[in-house]
Structure formats: C-alpha cells, structure tokens
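Worksheet: one structure, shown below.
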Amino acid sequence: MAKILEIRPLTPVTKLYRVEAPLVAAAAKPGQFVIVRAREGGERIPLTIADYDRDAGTLTIVIQEVGATTRFIGSLAVGDEILDLVGPLGMAVEPPESGHVVGIGGGFGAAALLCMMREFTALGLETTSIVGARNKELLILTDELAAACNNVELCTDDGSAGHKGFVTERLAQLIDGDPPGKPDIVIAIGPMAMMRAVASTTEGTGIPTLVSMDPLMVDGTGMCGGCRVTVDNEVKFACVDGPLFDAHLVDFNEAMRRNKMYFRQEQRSTEREACLRRAAGQD
Amino acid sequence: MPVKRVNKTPMPERDAELRSHDFGEVNEGYGIAHAQFEAERCLRCQDPVCIDGCPVRVPIPDFVHKIASGDMRAAAEILRASNPLPAVCGRVCPQEVQCEEQCSVGIRFKPVAIGYLERFVADWEMEQPEGEQPAQPTRPEKVAIIGSGPAGLVCAGELARLGHPVTIYEALHAPGGVLRYGIPEFRLPKDVLDWEIEQLKRLGVEIVCNVIIGKTLTIDDLFGKMGFSAVFVGTGAGLPQFMGIPGENYNGVYSANEFLTRVNLMNANDFPNADTPVMVGRRVAVIGAGNTAMDTVRTALRVGAEQGLIVYRRSDQEMTARVEEHQHAIEEGVEFHWLTNPVEVLGDDEGWVTGLKCVKMELGEPDASGRARPIPIEGSEFVIPVDNVVLSIGNRPNPLLLQTTEGLDSNKWGCLVVEEGSAETSLSHVYAGGDAVTGAATVILAAGAGKNAAQTIHADIC
C-alpha cells in the first residue's frame, strides 16, 4: 500500500502524486519505473518514476488520465492508498561522463526528466530539457525542470509559449549550433510518435540517442514477455533490459502496433469506468 | 487387512462438456467412503518404497492406514508434519512417476491412489473448525525467503516448525508464485491455495508482497539492516522462452506465462469486471506439450476459444505432460498436432496473427534428453489457420537477482549453482532450491528442495 501524501493537478487530465514508498524511494534511480495496481481486480500498469526523496521516503509519479486505471487513480484523494506499488524496476540510466545532455519530454513524459536531469546537473554535466505540448496550459513541471537543469526550452504547437512547433524542430536547431548548443547525448521520453521523430532527427548526426519505451506489461519483472521490443533485430524485454534503448535501433512500427493490441478492450474498460463513476455521482 | 482390488477407486470428475466452459475444479475429490475403500488397498509394506518416491518423504503408509481406520484427524497430522502443502500436492503432483510408481500394489495391480488420498485428507482438514493457534517461532535466528512459490512456502513451513521466525518476500501482489499465476483454477482452486498459505501464516510465517529482492532490497540489505541469519532463494524459473521464429511479435502471440498470468493472477476471464483483458480468438494454437501447455490450451477453451490446438514437434510418447492432464485435454476436445514444428507465425497487414506455418517431423535417434530427436521432413510445410499462438516451450530462471548480487554463481542457463547434493550457493549463508536451481521442473521437486534446504539452514545457523 502506498499512501497518497500530495496531489497536484498539472493539466486538466494530468496530476502529480507524491506517495509514501520508503523502500522504493531508497532504491530508485533515474530512468526506472514502478508497477501500480490501484484496486482489487485492477490491472498492473507501469509508471515512470518522476522523482524521489530518500529522506522523506516518498516517490513522485505523474499520471495522465487516459484509461480505466488512470481515471480511477484520478478519483483518489490525499490520504487514500494505492493498493499495490512495486519497484524500482528496469535498468537505471547510465550517466554520460561529460558533455551536454539534452532531455526531451513530450506531454506527461516531461515528468520523467525531473530526477534524471537533476542527477546529471549534480554530476557537473551541461543539461538542457526540451519540453513540448499542444499549448502553454498543457506544459508541465517547467519551473521544477528549470531548477533541475541548466536550460529549459519550451515548445508549443500554437506558439503560446516558447518555440512554436515540435520539440524535434527545436532539437534540430540545437544540433545546428543554436544556443545552448549541440547535444552530446539525447534522451527522449514521451509519446511513441515523438520518440520516433526524435530518433530520425538525430539519425546520421552521430549523437547517441536513448528512448524510454513504454510497452504493455503485466508483471514488470521479466515473467510475462508481453513487453517485448525489437532492438537491432533482437527481442528485448523492456521491463528487465530497458526501458531505455538506443533510439536508432528500436523497431517503432512494431512497438506502436503492439501498444494498440487491446485498443477495443481499453475503450470498453474506460466506458465502464465512466459509467460506474456517473452511477456513484462522482462525475 | 489389505483388500485385493485390481483397480484404483476412480476419481469423480465433472462432465467434460460442462467443465470446459467454466473454471470449476475438474476433479471433485473422494468422499469418506471412496477414501476408506481405496486406503484398504495399501499393503502396509515392511519396507515402504513409496516413501522413496516422494521428494518430501511423506510417511505414506502411516497416513493411509489412519484413513482406512477412520481416524482422519491423525491422518491429517501425519501428513501436515511432513508436507506443508498437502492440498496442493494432492492435486498437482505427478504421482504416477513418484510415490505411485514405487507402490508395491502396482507390481501386479494398479497402485494405491496415494495422490487422491492425500488430497482427500487435506480437503477433510479444510472442512474442520480451526484449531488452537500452533506454537510460534521463538528461536533468535531469522530467515528470509525470496519467492513464495512451492520451494519458498515449504522451506518457510519447515523452518517455522523448527522454531525460526521466517519472512517471505514476494515480487507480485499476491503470494503463491507459479501456484497462483501458473496453475489454473480448474486444477488448483485459489481458495485451496489461500487456505494452505493461511496455515503457514498460523505457524508464524510472515509474507511481504510487492518487494523484489535484487531491486527493492538487496541480499546484503537482508543480512545487514534487516538482520536475517540466512537467505533462501526460491525464485523459480519464470523467464519465458521464445522460439526465435519470424512473426513471434505479431499481436495475438503470447508466452504461456503471460496468457496464464492474465487469467489466473489478473482474472482476465472476468473482464471487464476485472480490468485486465486477454485476447482470445476462435482458434488458439499452443506450442509445446508439457503440463503448462495443457493448462494453457484448456484455459483458452474456458475464456472463449472454439478450438484449442496443441502443436508439438515430437510425438505423444515424448510429451512431458502428465497422463491425467493429457486425458482431460482430450476429453475437452483439444486437437493434437504431433510431429509438427512451427517455423513461422503468419499475420495480416495490421500485424494480427492469421496462422501458423509448420513443418512435419519424423523421429530419429535419441538426443541428449534421451528422447527420439525430431527431424524435419523436407517439403512438408503447411499452414494451420489460427487467431492466437501461445508459446509453452519452457522457462528459464529470472535474472533479476543475479543482475544485482555479486558473487552469486549461476550456470550458462542462468540456474543458480549449489553444492552437489546441498542447497548452499556460492555466497555464505545464502541457499537456493527449486526451479531457480534445476530449471523448470515440478511443484513437488521444488517442495522437496525447499524442505531439504530448511534442514540444512537450521543445522548451519543454530
């Protein structure tokens, strides 16, 4: 059980949760994830660790309400408990020895950059976060990221904040030498389409690029194999071999197709959840 | 006096047509009359060789004799003192190659139905009002157990009986390991498993779920800040193997582990009341012919498949499934494709499975496993139209603990290395047993390893 200590709405559909999880917080490292089962009969879903506080024994996760489970979590209040939370899972990111690290966060993926960039900055690396969203209201954690890295670059589709356009356009400008300058390594976390676009932006530039794969999982410990991702023509389990992989070697087409495997069932679950919530008078 | 009867008292079973559409238990269990009738067949041999066939060395003739004489309480006490999981073992052990294979009655007749009798006694005990709380562990040496599958549970029960406080750490949200996520409800009802686990808790065993040793805590943490005197690793063999054939990542291809976990642990059969779905089309092909393959294909029928198929590259003579599981699958209408090796999963433009391309095989000389080697027949490729493919071709030990524990030795298959005939690993005071050491085997071999390890641990730390 993980007690919710704080809830902060970030956008109309995204909330930040700080939960009590001392053992996980003590062991967590940037790039890792947890598996959460929110209720009896609930599914197990992977969530990237956004931040952790070892002294306080707390873990920060950011949840976008898109399906039955995430909407259910969205209905919880401070003091409520998340039934099961286990981790940290997956391999942590290996910090580069030196140079300019550019983290790219799309949508709620920006949250996962938080602890990663803070650690890199503390190690003396030059750090830049490029975060993007459709508009200014949907950009999240920009102040926190500003405190965690040397530079933060904002991108919005409508130009309501920062660069007007995609994160990949801003990345291309940096690669061309725009301040704060060419990246030595790029780490992208966000929607699959964005990560694929980042991969093609750095393709052929010689800039090592990592993406955080987010396939469907059941156990998260290597037991089910549902999270298999093809990397360099080899099958990997994202839960134990990843979730970070070389962006230029990932088979994104297959990964995107596999993530849609339960599309119809997910719709059915989401509708059912909405019905239950209406019946309970919560919506 | 023993009574001569050629055949075993048959196990009452639910009708195949009915049972293949629900998750109710297939075997209904003996009543008292069946059990006493069967127990009378035991010869009470001077040298009870049946015990040699049992990895946990249950004193079989003693408890069988108590059944015959109608003293079920005494039978239950004898059984439980030697095996902490009698209701489980009575249901899932391959008795035909263990105790019952050794049984002297079996030399001329069918052996005594020891497994059915074991199950009867455990089920009888389950029906009784709960007795007094057993004595709690008082020894100062605490033992940590990693994994709550059969090896871990039996090791815990034995250590608790020897007076040690025991804590089991389980990675999943519910205890039982493969007994929970792997073996289906129709063979091992979850309330039976829950009851067995409850008995261990009554002995003072503590179970902590949602903790992964190697990730949440390390083995060093267990010795250091947690203050354990010994650690038993019973992490099983949970890493599924794939064939490496084209099309294995099409939508609709599962490992047996994933397919069974979705149903057994996550209740996908109850979707959308439970949140986890499982994708089942009209025709489901399961590759492999072990017990897990039979469990998988029979589960597929119960979650809506119209036809379940077993595809196996060897013949029925070489399959590793128990006779009873094979027989039940036949009764439930499973289609068997022997000497058939899949070479490619076929899919449509959107990446959904449409078929399984196979090649016919013939049997050659025995291979390393002692079984006839299957050889492909050239030009015999053909396609079986299917909507799902589930791979049940074996599991390897999970690498998580090894990845983060320095000095813990394993072999090239990822199995932990222990001293010959013992449970000692390469690390001091770290012991291991079950599938984590042997690779995928049976519940009872894991239970036997857990019991032996408990005795070694007790001798080493006291």
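Just so it is clear: chains get the letters A, B, ... in the order the sequence lines come, proteins before strands, and each one is counted from 1.
Among Pro88(A), Ala68(A), Gly67(A), the residue with the largest count of heavy-atom pairs under 4.5 Å with chain B is Pro88(A). When each of Asp221(B), Val253(B), Leu391(B), Val278(B) is scored by its heavy-atom pairs under 4.5 Å with chain A, the top score falls to Val253(B). Interface summary for chain B: among Gly42(A), Gly220(A), Ala28(A), the most heavy-atom pairs under 4.5 angstrom belong to Gly42(A). When each of Glu43(A), Glu254(A), Arg228(A) is checked for heavy-atom pairs under 4.5 Å with chain B, Arg228(A) comes out on top.
A distance-only check finds a donor-acceptor pair linking the side chain of Asn257(B) to the backbone of Met223(A) [under 3.5 Å]. Lys215(B) contributes no side-chain N or O that, together with a main-chain N or O of Val24(A), makes up a donor-acceptor pair within less than 3.5 Å. Between the side chain of Asn251(B) and the backbone N or O of Arg257(A) there is at least one donor-acceptor pair closer than 3.5 Å. In terms of modelled atom types and a separation under 3.5 Å, the side chain of Asn249(B) and the main chain of Thr230(A) share no donor-acceptor contact. Arg268(A) places no side-chain N or O within donor-acceptor distance of the main-chain N or O of Pro272(B), the cut-off being under 3.5 Å.
Contacts of Thr69(A) with chain B are made by side-chain atoms alone, with heavy-atom separations under 4.5 Å and no backbone atom involved. With a threshold of 4.5 angstrom between heavy atoms, Arg39(A) approaches chain B through side-chain atoms but not through N, CA, C or O. Of the atoms belonging to Arg258(A), heavy atoms from both backbone and side chain fall under 4.5 Å from chain B. Of the two parts of Val235(A), only the side chain, counted from C-beta on, holds a non-hydrogen atom closer than 4.5 Å to a non-hydrogen atom of chain B. When heavy atoms are compared at a cutoff of 4.5 Å, Glu273(A) does not approach chain B at all. Heavy atoms of Leu85(A) lying under 4.5 Å from chain B belong exclusively to its backbone. Of the atoms belonging to Leu217(B), it is side-chain heavy atoms, and not backbone ones, that fall under 4.5 Å from chain A. No part of Phe72(A) comes within reach of chain B, as not one of its non-hydrogen atoms sits under 4.5 angstrom from that chain.
In this structure, Tyr254(B) and Tyr262(A) have tilted ring planes: the angle between them lies in the 30° to 60° band.
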